[in-house]
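What you are looking at is a predicted structure, and each value in this text was computed from that prediction instead of being measured.
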Amino acid sequence: MGAVRYDVPEPDAFTRPYWEAAAQGLLLIRRCGACGRAHHYPREFCPHCWSEEVAWEEASGRAALYTWSTVHRNDLPPFGDRTPYTAAVVDLAEGPRMMTEVVNCAEGSLAAGMALRVTFRDGKPVFEPGG
């Protein structure tokens with residue numbers, strides 16, 4: 001049996017549309033039909049007004065860097081082979097915050113508020129400089 005992977009999502013019936021879209025290079029978020037606000041991570045109800053009138057929509061892929069941390073050591077496979085890497089929280093243009101990774105950017109070039117755009121690695125959304 002191979003090593004346990006901690007970076008591979010386990011889609012279920014609810015999250016499958018999100019992961020299928022990501023595999024095709026599209027970032028989906030959920031938007032509430034009752035209050036109009038977007039949210040992420042995907043939930044079956046709106047975390048703002050509790051309505052169940054929520055639907056998937058394609059996000060623009062634009063974001064601003066909120067905060068980050070450069071990881072120099074991680075013992076969970078396969079992260080140890082990827083160090084150093086930049087774990088981050090970004091503010092999506094649509095409003096929600098999202099945990100992710102910043103790629104293709106030197107650590108010294110990172111700045112709060114910098115414009116980022118989504119890209120995909122192995123079917124998972126990550127962000128890089130641009131907007």
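Applying the salt bridge (Lys or Arg N to Asp or Glu O under 4.0 Å) rule to pairs touching residues 87-107 yields Asp91-Arg97, Glu101-Arg121, sequence neighbours excluded. Residues in residues 28-46 take part in these salt bridge (Lys or Arg N to Asp or Glu O under 4.0 Å) pairs, two or more places apart or across chains: Arg31-Glu57.
Taking the side-chain contact (heavy atoms from CB on, under 4.5 Å) definition, one finds that Ser109 meets it with Cys105, Ala106, sequence neighbours left out. Phe120 is linked by a ring-ring contact (aromatic ring centres under 6.0 Å, His included) to nothing, counting only residues two or more places apart in sequence or in another chain. In this structure, His39 has no ring-ring contact (aromatic ring centres under 6.0 Å, His included) partners at least two apart in sequence or on a different chain. Listed by chain and number, the residues in a salt bridge (Lys or Arg N to Asp or Glu O under 4.0 Å) with Arg73 are Asp75 (sequence neighbours excluded).
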Which pairs of donor and acceptor atoms, one on a side chain in residues 14-26, lie under 3.5 Å apart (sequence neighbours left out)?
unit_1	atom_1	unit_2	atom_2	d
Thr15	OG1	Asp12	N	3.0
Thr15	OG1	Asp12	OD1	3.0

In a table with atom names and distances, give each donor-acceptor pair under 3.5 Å that connects a side chain of residues 77-84 to protein atoms at least two apart or in another chain.
unit_1	atom_1	unit_2	atom_2	d
Arg82	NH2	Asp7	OD2	2.7
Thr83	OG1	Gly80	O	3.2

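Counted within 6.0 Å of CZ on Arg117, heavy atoms from surrounding residues, nucleotides or ligands total more than 12; the atom is thus considered enclosed. More than 12 heavy atoms of other residues, nucleotides or ligands sit less than 6.0 Å from atom CD of Glu128.
Under the 4.5 angstrom side-chain criterion for Ile, Leu, Val, Met, Phe, Trp and Tyr, Tyr41 has no cluster partners at all. Taking a 4.5 Å side-chain heavy-atom cut-off between Ile, Leu, Val, Met, Phe, Trp and Tyr, the cluster of Val103 extends to Val126.
Residues Tyr66 and Val90 form no side-chain contact, since every pair of their non-hydrogen atoms from C-beta on lies 4.5 Å or further apart.
Scanning all heavy atoms of the two residues, the minimum distance from Val54 to Cys32 falls at CG1-CA, 3.8 Å.
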